[in-house]
Amino acid sequence: MTGLNRFVTTFLAAAAIAVPQALHAQRSSAPEVLFRLDDIGMNHSVNLALEEVAKTGMPFSATVLFVCPWYQEAVEILKKYPQVTVGVHLALNSEWRGYRWGPVLGKGGAPSLVDSAGYFLPSTNAFLANKYDLGEVERELSAQVERAMQSGLKITFIDAHMGMAWATPQLREVMERVAKKYGLGISTYFGESYYTIWGVAPAAKKSALLEHLSRAPRDTVSLIEVHVAERTPEMEAIYDMNAPAQNTPDAGVVAHRNAELHTLLSPELAELVRSGKIRLVTYQQLVQRIGLAGMKRPADADRN
């Protein structure tokens, strides 16, 4: 039996069995955990991994790069899995060597946001050093949200690819206006505590996540940022122009993202869910519970 099949069997069996009263009480007081899978639609390898996780029945949130050509495949996958809450991964950067993307508005619609070839700049520093126009930023982010809404998916929230759309107070204000304009939540604006295994060595990702979950707070939602991908020739070719540590022969981008995929599919995580030691939630639930009017900027937002 494959790891995915074991996870599906464990997860669905747990859902089908009546929960004893004591376990129900444990679930009610268990830490709430929100997995946010980022960079969906980046390429086919990422989309394949998305579907592997979705097939488990696990509720999670996913942010889609609607600027990327493969977003259309991601849309068709996500339509099959209503337990997944969908957000827009607002992008103003394109960080991979040899695989680039540009604005929905095109080079002519957002000339201050792109290089001479019409692609987004590769890093936050390069973007900030450029003479970008805030009006173009707002029009481009709006265009990305509108493309998402026209896809047929229910869009619930937004977040910022590489943190670019909230990297300065002025950019953050633009992003907040876009969210308000379209009636969307903003990731990290619901009081979540944030954790990522992005920079953890591939072999240590699972243990790092399990250790974090073992001490997850009960007074706030634990937001876990995850990046997943299948190990394919397509993904083997991906090279991060900003993070040399992610490009080593034994721990490249593909190794990191495939390890995060297998961490999500691990029997250990399935058991935490089955036993009620953690309770999975999504941004759809946070929006319903707290409301858009209840959103607040993160406490560290003003440090940008």
Distance, nearest 0.5 Å, that separates [atom1] of [X] from [atom2] of [Y]:
| X | Y | atom1 | atom2 | result |
| --- | --- | --- | --- | --- |
| I158 | W166 | CD1 | CH2 | 8.0 Å |
| Q170 | E173 | CD | CD | 6.5 Å |
| S222 | R279 | OG | CZ | 12.0 Å |
| S94 | M241 | OG | CE | 6.5 Å |
| K55 | L50 | NZ | CG | 10.5 Å |
| L223 | T188 | CG | OG1 | 7.5 Å |

L171 and L134: CA distance, side-chain angles, deciding distance, side chain to side chain contact (heavy atoms under 4.5 Å, CB included) verdict: CA-CA 7 Å; L171 287 168; L134 284 172; 3.9 Å; yes
Is there a chain of hydrophobic side chains (I, L, V, M, F, W, Y, each step under 4.5 Å between heavy atoms) that links [X] to [Y]?
| X | Y | answer |
| --- | --- | --- |
| L128 | Y119 | no |
| V137 | Y182 | yes |
| M162 | I40 | no |
| L286 | L292 | yes |
| W198 | L34 | no |

When you measure from the side chain of [X] to the backbone N and O of [Y], does any donor-acceptor pair fall under 3.5 Å?
| X | Y | result |
| --- | --- | --- |
| E136 | G109 | no |
| S151 | V75 | no |
| D39 | M42 | no |
| E236 | V254 | no |
| N47 | W70 | yes |
| Y81 | V53 | no |
| N258 | A229 | yes |
| Q83 | A54 | yes |
| Q284 | T156 | no |
| T220 | G191 | yes |

Looking at every heavy atom in both [X] and [Y], which two are closest together, and how far apart are they?
| X | Y | result |
| --- | --- | --- |
| Q285 | T282 | OE1-N, 2.9 Å |
| A30 | G276 | CB-O, 3.1 Å |
| V200 | A208 | CG1-CB, 4.0 Å |
| F66 | G87 | CE1-O, 4.2 Å |
| Y71 | L65 | CB-O, 3.5 Å |
| G41 | C68 | O-CB, 3.3 Å |

Below 4.5 Å, heavy atoms only, C-beta onward: do [X] and [Y] meet side chain to side chain?
| X | Y | value |
| --- | --- | --- |
| I224 | H212 | yes |
| V178 | K181 | no |
| V287 | T85 | no |
| R177 | S142 | no |
| E140 | V104 | yes |
| L272 | L210 | yes |
| F35 | V228 | no |
| P69 | Y99 | yes |

Verdict with supporting geometry, F120 and V67, side chain to side chain contact (heavy atoms under 4.5 Å, CB included): CA-CA 10 Å; F120 285 135; V67 295; 4.2 Å; yes
Between [X] and [Y], does at least one N-O distance fall below 4.0 Å, as a salt bridge requires?
| X | Y | value |
| --- | --- | --- |
| E176 | K180 | no |
| E260 | R257 | no |
| R36 | E192 | no |

Atom OH of Y195: over 12 foreign heavy atoms under 6.0 Å: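 For Y195, atom OH is crowded (more than 12 foreign heavy atoms under 6.0 Å).
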NZ/K79: more than 12 non-hydrogen atoms of other groups inside 6.0 Å: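 Yes - once you tally the heavy atoms of other residues, nucleotides and ligands closer than 6.0 Å, there are more than 12.
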Within residues 252-277 or reaching into it, pairs that qualify as ring-ring contact (aromatic ring centres under 6.0 Å, His included) - sequence neighbours excluded: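 Sorted pair list comes back empty.
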Step-by-step side chain to side chain contact (heavy atoms under 4.5 Å, CB included) determination, V145 to I155: CA-CA 9 Å; V145 172; I155 305 300; 5.6 Å; no
Parallel, tilted or perpendicular, as decided by the 30° and 60° cut-offs, for the rings of H89 and H161: perpendicular
Verdict with supporting geometry, W96 and V253, side chain to side chain contact (heavy atoms under 4.5 Å, CB included): CA-CA 10 Å; W96 309 120; V253 174; 3.9 Å; yes
Side chain to side chain contact (heavy atoms under 4.5 Å, CB included) partner of L269, chosen from L213, T263, L280: L213
Result of checking L261, L264, T63, V64 against L37 for side chain to side chain contact (heavy atoms under 4.5 Å, CB included):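 Result for side chain to side chain contact (heavy atoms under 4.5 Å, CB included) with L37: L264.
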L121: side chain to side chain contact (heavy atoms under 4.5 Å, CB included) partners, not counting sequence neighbours: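 For L121, the residues satisfying side chain to side chain contact (heavy atoms under 4.5 Å, CB included) (neighbours in sequence not counted) are D115, A126, N130.
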